[in-house]
Amino acid sequence: MMSNNNFSNISTEYFDSDVDPLFECPEEETYTSQKRFVRTTLYLVAMTISLSGNATVIWIVRKNHRMRNLTHYLIVNMAVADLLITVFHMPYKLQVQLTNSYAVVVGGLTGKLICKVVGYSQDVSIASSVLTLMGISIDRFMAVVFPFKRATLSHKARYILVPIWIVSIVICSPLLYANRMQEYEGEFYCYEEWTPLLDSDSAGRDYTVTQFALFYVLPLIVITVFYSCIAFKVWNRRIPGQRHFPRARPHSVARKKLLRMLIIIVCLFAACWLPYHVIFLLQVFSDKYLYCHIPETIMFYCLFVGHANSAINPCIYFAIHKEYRKGLLQVLRSVCCLRAATISRCLLRRKSSFNLQANADRVDQTESPTSYVGMLNRKRCLECDHLAMESTYFKQNVLRTVTIP
(Lines give C-alpha, C1' and ligand atoms only; values in the text may rest on other atoms or scores of the structure.)
Protein backbone atom coordinates (compact mmCIF):
# COMPACT_ATOMS: atom_id res chain seq x y z
CA MET A 1 0.00 0.00 0.00
CA MET A 2 1.45 3.30 -1.05
CA SER A 3 0.26 6.86 -0.73
CA ASN A 4 -1.56 8.42 -3.66
CA ASN A 5 0.14 11.78 -3.30
CA ASN A 6 3.85 11.26 -3.21
CA PHE A 7 4.56 14.29 -5.41
CA SER A 8 6.23 16.13 -2.56
CA ASN A 9 9.14 16.09 -0.21
CA ILE A 10 8.90 14.59 3.24
CA SER A 11 8.04 17.80 5.05
CA THR A 12 5.05 18.72 2.84
CA GLU A 13 3.01 15.53 2.63
CA TYR A 14 -0.70 16.25 3.21
CA PHE A 15 -3.88 14.27 2.86
CA ASP A 16 -6.86 15.70 1.05
CA SER A 17 -9.42 16.55 3.72
CA ASP A 18 -11.92 19.23 4.43
CA VAL A 19 -10.40 21.36 7.15
CA ASP A 20 -12.75 22.63 9.82
CA PRO A 21 -12.35 26.43 9.99
CA LEU A 22 -12.76 26.31 13.77
CA PHE A 23 -9.90 23.85 14.16
CA GLU A 24 -6.29 24.91 13.70
CA CYS A 25 -4.00 22.35 12.08
CA PRO A 26 -0.38 22.05 13.21
CA GLU A 27 2.23 23.87 11.23
CA GLU A 28 4.32 22.19 8.60
CA GLU A 29 7.24 20.17 9.91
CA THR A 30 10.78 20.94 8.81
CA TYR A 31 13.14 18.16 7.88
CA THR A 32 16.39 18.87 9.70
CA SER A 33 19.80 17.25 9.47
CA GLN A 34 19.29 15.75 12.93
CA LYS A 35 16.15 13.97 11.72
CA ARG A 36 18.02 12.68 8.69
CA PHE A 37 20.86 11.33 10.83
CA VAL A 38 18.57 9.61 13.36
CA ARG A 39 16.29 8.06 10.75
CA THR A 40 19.02 6.83 8.45
CA THR A 41 20.86 5.35 11.43
CA LEU A 42 17.71 3.54 12.57
CA TYR A 43 17.16 2.03 9.13
CA LEU A 44 20.80 1.05 8.71
CA VAL A 45 20.80 -0.72 12.09
CA ALA A 46 17.48 -2.44 11.36
CA MET A 47 18.64 -3.60 7.92
CA THR A 48 21.96 -4.92 9.27
CA ILE A 49 20.34 -6.88 12.11
CA SER A 50 17.57 -8.21 9.88
CA LEU A 51 19.92 -9.38 7.12
CA SER A 52 22.46 -11.02 9.41
CA GLY A 53 19.95 -12.36 11.95
CA ASN A 54 17.45 -13.92 9.55
CA ALA A 55 20.21 -15.37 7.36
CA THR A 56 21.72 -16.94 10.50
CA VAL A 57 18.34 -18.43 11.46
CA ILE A 58 18.04 -20.06 8.04
CA TRP A 59 21.59 -21.42 8.27
CA ILE A 60 21.01 -22.83 11.77
CA VAL A 61 17.90 -24.77 10.76
CA ARG A 62 19.65 -26.04 7.64
CA LYS A 63 22.66 -27.34 9.58
CA ASN A 64 20.88 -28.69 12.68
CA HIS A 65 19.16 -31.98 11.88
CA ARG A 66 17.19 -31.93 15.13
CA MET A 67 15.47 -28.70 14.07
CA ARG A 68 14.24 -30.03 10.74
CA ASN A 69 10.57 -30.16 11.67
CA LEU A 70 7.47 -28.27 10.64
CA THR A 71 7.66 -25.61 13.35
CA HIS A 72 11.21 -24.56 12.53
CA TYR A 73 10.53 -24.74 8.79
CA LEU A 74 7.72 -22.24 9.37
CA ILE A 75 10.13 -20.06 11.35
CA VAL A 76 12.49 -20.20 8.36
CA ASN A 77 9.60 -19.20 6.11
CA MET A 78 8.99 -16.18 8.32
CA ALA A 79 12.69 -15.31 8.16
CA VAL A 80 12.46 -15.40 4.36
CA ALA A 81 9.48 -13.02 4.48
CA ASP A 82 11.47 -10.68 6.74
CA LEU A 83 14.39 -10.77 4.30
CA LEU A 84 11.98 -9.95 1.47
CA ILE A 85 10.88 -6.70 3.09
CA THR A 86 14.46 -5.94 4.16
CA VAL A 87 15.90 -6.30 0.66
CA PHE A 88 13.14 -4.69 -1.41
CA HIS A 89 11.39 -2.11 0.76
CA MET A 90 13.80 -0.85 3.41
CA PRO A 91 16.38 0.47 0.90
CA TYR A 92 13.68 2.63 -0.71
CA LYS A 93 12.71 4.09 2.66
CA LEU A 94 16.37 4.69 3.43
CA GLN A 95 16.73 6.54 0.14
CA VAL A 96 13.66 8.65 1.01
CA GLN A 97 15.28 9.76 4.26
CA LEU A 98 18.61 10.52 2.63
CA THR A 99 17.17 12.59 -0.23
CA ASN A 100 14.14 14.10 1.57
CA SER A 101 11.99 13.08 -1.38
CA TYR A 102 9.76 10.20 -2.43
CA ALA A 103 11.08 10.41 -5.98
CA VAL A 104 12.43 7.24 -7.56
CA VAL A 105 16.11 7.40 -8.43
CA VAL A 106 15.66 6.24 -12.03
CA GLY A 107 12.89 6.40 -14.59
CA GLY A 108 11.90 4.33 -17.56
CA LEU A 109 11.27 0.60 -17.29
CA THR A 110 13.54 0.23 -14.26
CA GLY A 111 11.67 2.95 -12.38
CA LYS A 112 8.30 1.36 -13.18
CA LEU A 113 9.59 -1.99 -11.96
CA ILE A 114 10.80 -0.41 -8.72
CA CYS A 115 7.41 1.26 -8.17
CA LYS A 116 5.56 -2.00 -8.58
CA VAL A 117 7.96 -4.19 -6.59
CA VAL A 118 8.55 -1.92 -3.57
CA GLY A 119 5.00 -1.68 -2.29
CA TYR A 120 4.01 -5.13 -3.52
CA SER A 121 6.90 -6.86 -1.75
CA GLN A 122 5.95 -5.22 1.53
CA ASP A 123 2.35 -6.41 1.36
CA VAL A 124 3.39 -9.93 0.32
CA SER A 125 5.86 -10.05 3.20
CA ILE A 126 3.24 -8.95 5.74
CA ALA A 127 0.72 -11.45 4.39
CA SER A 128 3.13 -14.39 4.35
CA SER A 129 4.40 -13.53 7.84
CA VAL A 130 0.98 -13.46 9.47
CA LEU A 131 -0.14 -16.59 7.61
CA THR A 132 3.06 -18.29 8.76
CA LEU A 133 2.30 -17.32 12.34
CA MET A 134 -1.16 -18.78 11.92
CA GLY A 135 0.37 -21.96 10.50
CA ILE A 136 2.71 -22.21 13.50
CA SER A 137 -0.23 -21.87 15.90
CA ILE A 138 -2.10 -24.63 14.08
CA ASP A 139 0.99 -26.85 14.12
CA ARG A 140 1.50 -26.28 17.87
CA PHE A 141 -2.18 -27.00 18.49
CA MET A 142 -1.92 -30.28 16.61
CA ALA A 143 1.28 -31.19 18.47
CA VAL A 144 -0.34 -30.66 21.86
CA VAL A 145 -3.92 -31.80 21.31
CA PHE A 146 -3.54 -34.34 18.49
CA PRO A 147 0.13 -35.45 18.60
CA PHE A 148 -0.35 -38.62 16.54
CA LYS A 149 -2.15 -36.85 13.70
CA ARG A 150 0.44 -34.10 13.72
CA ALA A 151 3.25 -36.66 13.32
CA THR A 152 1.90 -37.59 9.89
CA LEU A 153 2.06 -33.94 8.76
CA SER A 154 5.46 -33.00 10.21
CA HIS A 155 7.37 -34.18 7.12
CA LYS A 156 5.06 -32.44 4.63
CA ALA A 157 6.04 -28.82 5.16
CA ARG A 158 5.72 -27.98 1.48
CA TYR A 159 1.97 -28.57 1.64
CA ILE A 160 1.75 -25.68 4.09
CA LEU A 161 4.51 -23.35 2.88
CA VAL A 162 3.53 -23.31 -0.79
CA PRO A 163 -0.14 -22.35 -0.15
CA ILE A 164 1.01 -19.55 2.17
CA TRP A 165 3.01 -17.91 -0.61
CA ILE A 166 0.36 -18.57 -3.28
CA VAL A 167 -2.36 -16.91 -1.18
CA SER A 168 -0.09 -13.97 -0.33
CA ILE A 169 0.99 -13.40 -3.92
CA VAL A 170 -2.50 -13.71 -5.41
CA ILE A 171 -4.37 -11.52 -2.91
CA CYS A 172 -1.73 -8.79 -3.08
CA SER A 173 -1.47 -8.93 -6.89
CA PRO A 174 -3.95 -6.03 -7.52
CA LEU A 175 -1.24 -3.74 -6.22
CA LEU A 176 0.91 -4.64 -9.22
CA TYR A 177 -1.77 -3.07 -11.40
CA ALA A 178 -2.38 -0.01 -9.21
CA ASN A 179 1.23 1.01 -8.53
CA ARG A 180 2.36 3.35 -11.29
CA MET A 181 5.02 5.94 -11.98
CA GLN A 182 4.60 9.50 -13.22
CA GLU A 183 7.05 12.28 -13.99
CA TYR A 184 6.52 15.49 -12.04
CA GLU A 185 8.84 18.52 -12.35
CA GLY A 186 11.67 16.41 -13.75
CA GLU A 187 11.41 13.68 -11.10
CA PHE A 188 9.67 10.31 -11.07
CA TYR A 189 7.14 9.44 -8.36
CA CYS A 190 5.19 6.30 -7.46
CA TYR A 191 1.46 6.46 -6.75
CA GLU A 192 -1.67 4.30 -6.72
CA GLU A 193 -4.14 4.63 -9.58
CA TRP A 194 -6.92 2.03 -9.93
CA THR A 195 -8.55 3.42 -13.06
CA PRO A 196 -9.68 2.51 -15.69
CA LEU A 197 -10.56 -1.01 -14.51
CA LEU A 198 -11.77 0.06 -11.07
CA ASP A 199 -13.08 3.15 -9.38
CA SER A 200 -10.20 5.24 -8.05
CA ASP A 201 -11.86 6.15 -4.74
CA SER A 202 -13.51 2.88 -3.71
CA ALA A 203 -10.88 0.45 -5.04
CA GLY A 204 -8.06 1.74 -2.86
CA ARG A 205 -10.31 1.78 0.19
CA ASP A 206 -11.59 -1.75 -0.47
CA TYR A 207 -8.06 -3.06 -0.95
CA THR A 208 -6.85 -1.51 2.31
CA VAL A 209 -9.79 -2.84 4.30
CA THR A 210 -9.37 -6.30 2.75
CA GLN A 211 -5.69 -6.36 3.64
CA PHE A 212 -6.46 -5.33 7.20
CA ALA A 213 -9.17 -7.96 7.59
CA LEU A 214 -7.50 -10.92 5.87
CA PHE A 215 -3.89 -10.33 6.90
CA TYR A 216 -4.28 -8.87 10.36
CA VAL A 217 -7.62 -9.23 12.15
CA LEU A 218 -8.74 -12.73 11.12
CA PRO A 219 -5.31 -14.42 11.47
CA LEU A 220 -4.76 -12.87 14.90
CA ILE A 221 -8.20 -14.09 16.04
CA VAL A 222 -7.36 -17.62 14.88
CA ILE A 223 -3.91 -17.44 16.51
CA THR A 224 -5.40 -16.19 19.79
CA VAL A 225 -7.93 -19.03 19.89
CA PHE A 226 -5.34 -21.74 19.18
CA TYR A 227 -2.74 -20.44 21.62
CA SER A 228 -5.37 -20.06 24.33
CA CYS A 229 -6.28 -23.73 23.92
CA ILE A 230 -2.59 -24.71 23.88
CA ALA A 231 -1.77 -22.69 26.99
CA PHE A 232 -4.68 -24.19 28.90
CA LYS A 233 -3.66 -27.67 27.83
CA VAL A 234 0.07 -27.31 28.56
CA TRP A 235 0.02 -25.40 31.83
CA ASN A 236 -2.86 -27.33 33.40
CA ARG A 237 -2.06 -30.93 32.61
CA ARG A 238 0.19 -33.48 34.21
CA ILE A 239 2.32 -35.60 31.93
CA PRO A 240 1.72 -39.35 32.53
CA GLY A 241 4.72 -40.92 34.20
CA GLN A 242 6.36 -37.58 35.01
CA ARG A 243 6.73 -38.58 38.68
CA HIS A 244 8.37 -41.90 37.76
CA PHE A 245 10.34 -40.68 34.74
CA PRO A 246 12.30 -37.48 35.53
CA ARG A 247 13.40 -37.14 31.89
CA ALA A 248 9.86 -36.17 30.90
CA ARG A 249 10.10 -32.92 32.86
CA PRO A 250 12.88 -31.26 30.76
CA HIS A 251 10.92 -32.09 27.62
CA SER A 252 7.87 -30.33 29.07
CA VAL A 253 9.97 -27.31 30.07
CA ALA A 254 11.46 -27.06 26.56
CA ARG A 255 7.99 -27.23 25.03
CA LYS A 256 6.78 -24.43 27.29
CA LYS A 257 9.79 -22.28 26.36
CA LEU A 258 9.10 -22.80 22.66
CA LEU A 259 5.45 -21.92 23.17
CA ARG A 260 6.41 -18.81 25.14
CA MET A 261 8.75 -17.71 22.35
CA LEU A 262 6.06 -18.15 19.69
CA ILE A 263 3.51 -16.20 21.71
CA ILE A 264 6.02 -13.35 22.13
CA ILE A 265 6.64 -13.35 18.36
CA VAL A 266 2.89 -13.07 17.68
CA CYS A 267 2.41 -10.27 20.21
CA LEU A 268 5.33 -8.30 18.76
CA PHE A 269 4.04 -8.75 15.22
CA ALA A 270 0.59 -7.49 16.23
CA ALA A 271 2.03 -4.53 18.14
CA CYS A 272 4.54 -3.53 15.44
CA TRP A 273 2.17 -3.66 12.46
CA LEU A 274 -0.95 -2.23 14.11
CA PRO A 275 0.16 1.44 13.71
CA TYR A 276 0.87 0.79 10.03
CA HIS A 277 -2.67 -0.51 9.39
CA VAL A 278 -4.24 2.27 11.44
CA ILE A 279 -2.39 4.94 9.46
CA PHE A 280 -3.56 3.55 6.12
CA LEU A 281 -7.13 3.13 7.35
CA LEU A 282 -7.13 6.76 8.47
CA GLN A 283 -5.70 7.74 5.12
CA VAL A 284 -8.41 6.05 3.05
CA PHE A 285 -11.14 7.39 5.37
CA SER A 286 -9.55 10.81 5.83
CA ASP A 287 -12.65 12.63 4.55
CA LYS A 288 -14.63 11.30 7.55
CA TYR A 289 -12.14 11.12 10.39
CA LEU A 290 -9.34 13.60 9.67
CA TYR A 291 -9.50 17.37 9.63
CA CYS A 292 -5.76 17.81 9.17
CA HIS A 293 -2.90 15.86 7.72
CA ILE A 294 -1.15 13.21 9.80
CA PRO A 295 2.19 14.56 11.08
CA GLU A 296 5.06 13.22 9.04
CA THR A 297 6.98 12.10 12.13
CA ILE A 298 4.09 9.85 13.16
CA MET A 299 3.90 8.47 9.63
CA PHE A 300 7.60 7.62 9.68
CA TYR A 301 7.69 5.88 13.03
CA CYS A 302 4.48 3.92 12.41
CA LEU A 303 6.06 2.41 9.31
CA PHE A 304 9.51 2.01 10.83
CA VAL A 305 8.18 0.02 13.79
CA GLY A 306 6.66 -2.44 11.34
CA HIS A 307 9.95 -2.72 9.49
CA ALA A 308 11.86 -3.09 12.75
CA ASN A 309 9.84 -6.23 13.47
CA SER A 310 11.98 -8.00 10.84
CA ALA A 311 15.06 -7.27 12.97
CA ILE A 312 13.39 -8.04 16.30
CA ASN A 313 12.28 -11.57 15.38
CA PRO A 314 15.75 -13.19 15.10
CA CYS A 315 16.80 -11.47 18.33
CA ILE A 316 13.87 -13.15 20.10
CA TYR A 317 14.88 -16.54 18.66
CA PHE A 318 18.46 -16.15 19.90
CA ALA A 319 17.42 -14.85 23.32
CA ILE A 320 14.87 -17.53 24.18
CA HIS A 321 15.53 -20.70 22.19
CA LYS A 322 18.54 -22.77 23.20
CA GLU A 323 19.31 -24.29 19.79
CA TYR A 324 19.22 -20.93 18.00
CA ARG A 325 21.51 -19.48 20.65
CA LYS A 326 23.97 -22.35 20.19
CA GLY A 327 23.91 -21.86 16.43
CA LEU A 328 24.56 -18.14 16.80
CA LEU A 329 27.55 -18.81 19.06
CA GLN A 330 28.86 -21.31 16.52
CA VAL A 331 28.58 -18.74 13.75
CA LEU A 332 30.35 -16.12 15.86
CA ARG A 333 33.15 -18.58 16.71
CA SER A 334 33.55 -19.45 13.04
CA VAL A 335 33.82 -15.78 12.10
CA CYS A 336 36.27 -15.04 14.92
CA CYS A 337 38.37 -18.13 14.13
CA LEU A 338 38.44 -17.17 10.47
CA ARG A 339 39.71 -13.72 11.33
CA ALA A 340 42.20 -15.13 13.84
CA ALA A 341 43.45 -17.64 11.28
CA THR A 342 43.89 -14.90 8.72
CA ILE A 343 45.84 -12.76 11.20
CA SER A 344 48.00 -15.72 12.30
CA ARG A 345 48.83 -16.55 8.67
CA CYS A 346 49.99 -12.99 8.12
CA LEU A 347 52.11 -13.10 11.27
CA LEU A 348 53.65 -16.45 10.29
CA ARG A 349 54.51 -15.10 6.84
CA ARG A 350 56.16 -12.05 8.35
CA LYS A 351 58.04 -14.20 10.88
CA SER A 352 59.25 -16.64 8.24
CA SER A 353 60.42 -13.85 5.98
CA PHE A 354 62.22 -12.24 8.94
CA ASN A 355 63.93 -15.55 9.82
CA LEU A 356 65.03 -16.05 6.24
CA GLN A 357 66.48 -12.54 6.19
CA ALA A 358 68.23 -13.12 9.52
CA ASN A 359 69.70 -16.43 8.32
CA ALA A 360 70.93 -14.82 5.14
CA ASP A 361 72.60 -12.05 7.11
CA ARG A 362 74.19 -14.63 9.43
CA VAL A 363 75.59 -16.57 6.46
CA ASP A 364 77.01 -13.40 4.94
CA GLN A 365 78.68 -12.53 8.22
CA THR A 366 80.37 -15.96 8.53
CA GLU A 367 81.59 -15.99 4.96
CA SER A 368 82.98 -12.47 4.74
CA PRO A 369 83.28 -10.56 8.02
CA THR A 370 83.36 -6.85 7.39
CA SER A 371 83.84 -5.51 10.95
CA TYR A 372 86.86 -5.61 13.28
CA VAL A 373 84.97 -7.74 15.82
CA GLY A 374 84.04 -10.17 13.11
CA MET A 375 87.65 -10.48 12.00
CA LEU A 376 88.76 -11.17 15.61
CA ASN A 377 86.09 -13.85 15.98
CA ARG A 378 87.23 -15.38 12.73
CA LYS A 379 90.85 -15.39 13.95
CA ARG A 380 89.89 -17.03 17.24
CA CYS A 381 88.01 -19.77 15.42
CA LEU A 382 91.09 -20.46 13.25
CA GLU A 383 93.33 -20.66 16.34
CA CYS A 384 90.91 -23.09 17.99
CA ASP A 385 90.96 -25.26 14.91
CA HIS A 386 94.77 -25.25 14.92
CA LEU A 387 94.93 -26.30 18.60
CA ALA A 388 92.43 -29.05 17.96
CA MET A 389 94.55 -30.39 15.11
CA GLU A 390 97.71 -30.38 17.29
CA SER A 391 95.89 -32.21 20.09
CA THR A 392 94.73 -34.88 17.69
CA TYR A 393 98.27 -35.33 16.29
CA PHE A 394 99.66 -35.62 19.84
CA LYS A 395 97.19 -38.34 20.77
CA GLN A 396 97.80 -40.35 17.63
CA ASN A 397 101.63 -40.29 17.66
CA VAL A 398 103.09 -39.49 21.08
CA LEU A 399 100.74 -41.62 23.15
CA ARG A 400 101.22 -44.51 20.73
CA THR A 401 105.00 -44.48 21.24
CA VAL A 402 104.60 -44.47 25.02
CA THR A 403 102.38 -47.52 25.08
CA ILE A 404 104.67 -49.66 22.82
CA PRO A 405 106.75 -52.13 25.07
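Keep in mind the model is a prediction, meaning the values are calculated, not measured.
- Proximity of a side-chain donor or acceptor of S101 to a complementary backbone N or O of A103 within less than 3.5 Å is detected.
- Inter-residue side-chain proximity for Y227 and L262 is flagged as met; some heavy-atom pair is nearer than 4.5 Å.
- Atoms OG1 and CG, on T132 and D82 in that order, are 9.5 Å from each other to the nearest 0.5 Å.
- Of the possible polar contacts, none joining the S125 side chain to the S121 backbone as a donor-acceptor pair under 3.5 Å is found.
- Using a 3.5 Å distance cut-off with no hydrogens or angles, the side chains of Q122 and Y276 do pair a donor with an acceptor.
- Using bins of under 30°, 30° to 60° and over 60° for the plane-to-plane angle, the ring pair W194/Y177 lands in the tilted bin.
- Interatomic distance, L94 CG to T99 OG1, rounded to the nearest 0.5 Å: 9.5 Å.
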Please list every donor-acceptor pair under 3.5 Å in which a side-chain atom of residues 44-54 meets a protein atom from a residue at least two apart or in another chain.
unit_1	atom_1	unit_2	atom_2	d
T48	OG1	L44	O	2.8
S50	OG	N54	ND2	3.1
S50	OG	T86	OG1	2.6
S52	OG	T48	O	2.7
S52	OG	I49	O	3.4
N54	ND2	S50	O	2.8
N54	ND2	S310	O	3.1

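- For the pair W273/V305, no side-chain contact is recorded, criterion being any heavy-atom separation below 4.5 Å from C-beta on.
- Donor-acceptor pairing under 3.5 Å is recorded for the side chains of E187 and Y189.
- Residues E192 and Y207 have side chains that never bring a donor and an acceptor to within less than 3.5 angstrom of each other.
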- Query: Between R39 and Y31, is a side-chain contact (heavy atoms from CB on, under 4.5 Å) present by the stated rule, with each step listed?
  - Reply: CA-CA 11 Å; R39 295 181 181 185; Y31 191 69; 3.6 Å; yes

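- When every heavy atom of F141 is checked against every heavy atom of C229, the shortest pair comes out as CE1-CB, 3.8 Å.
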- Task: Determine, step by step, whether V118 and F88 satisfy the side-chain contact (heavy atoms from CB on, under 4.5 Å) criterion, reporting the C-alpha distance in whole Å, the side-chain angles of both residues, the deciding distance to 0.1 Å, and the verdict.
- Result: CA-CA 6 Å; V118 167; F88 288 100; 5.9 Å; no

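- Side-chain contact annotation: H72 with E323, donor-acceptor N/O pair under 3.5 Å absent.
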Please set out all donor-acceptor pairs under 3.5 angstrom arising from side-chain atoms of residues 161-169, sequence neighbours excluded.
unit_1	atom_1	unit_2	atom_2	d
W165	NE1	N77	OD1	2.5
S168	OG	S128	N	3.2
S168	OG	I164	O	2.8

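- Using modelled atom types, one side-chain atom of Y92 and one backbone atom of Y102 make a donor-acceptor pair closer than 3.5 Å.
- Taking 4.5 Å as the limit, every side-chain heavy atom of L218 sits out of range of all side-chain heavy atoms of V222.
- Listed here is the closest heavy atom pair of C115 and M181: SG-CB, 3.7 Å.
- Between atom OG1 of residue T30 and atom CG of residue N100 there is a gap of 10.0 Å, rounded to the nearest 0.5 Å.
- Relative to the ring axis of Y73, R68 does not place its NZ or CZ within 45° and under 6.0 Å from the centre.
- Taken from CG in N309 to CZ in F304, the straight-line distance is 11.0 Å, to the nearest 0.5 Å.
- Heavy atoms of other residues, nucleotides or ligands lying less than 6.0 angstrom from CZ of F318 number more than 12.
- Distance check, rounded to the nearest 0.5 Å: CD1 of I320 to CD1 of I264 gives 3.5 Å.
- In terms of modelled atom types and a separation under 3.5 Å, the side chain of R180 and the main chain of Y191 share no donor-acceptor contact.
- The only option from H307, Q97, Q95, K93 that meets the side-chain hydrogen bond (donor to acceptor under 3.5 Å, both in side chains) definition with Y43 turns out to be H307.
- Within the 4.5 Å cutoff, side-chain heavy atoms of I75 are placed close to those of Y324.
- The closest side-chain heavy-atom distance from R325 to L328 is not below 4.5 Å.
- Taking the six-membered ring where tryptophan is involved, the planes of Y216 and H277 are tilted, since the angle between them lies from 30° to 60°.
- When all heavy atoms are compared, the tightest approach of Y120 to N179 is N-ND2, 4.1 Å.
- Distance CG/L175 to CG/D123: 5.5 Å, rounded to 0.5 Å.
- For the residue pair A270 and L220, the shortest heavy atom distance occurs at CB-CD1, 3.8 Å.
- Closest heavy-atom contact between V57 and A79: CG1-CB, 4.4 Å.
- Looking only at distances, no side-chain donor or acceptor of T40 sits under 3.5 Å from a matching main-chain atom of L98.
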- For Y301 and L42, run side-chain contact (heavy atoms from CB on, under 4.5 Å): C-alpha distance rounded to whole Å, both residues' side-chain angles, the deciding distance at 0.1 Å, then the answer. CA-CA 10 Å; Y301 284 104; L42 288 174; 4.0 Å; yes

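- More than 12 heavy atoms of other residues, nucleotides or ligands lie within 6.0 Å of NZ in K35, so this atom counts as buried by the packing criterion.
- I136 places none of its side-chain heavy atoms less than 4.5 Å from the side chain of I223.
- Residues M78 and I265 meet the side-chain proximity criterion, which asks for heavy atoms closer than 4.5 Å.
- Proximity of F212 to L281: side-chain heavy atoms (C-beta onward) are separated by under 4.5 Å at one or more points.
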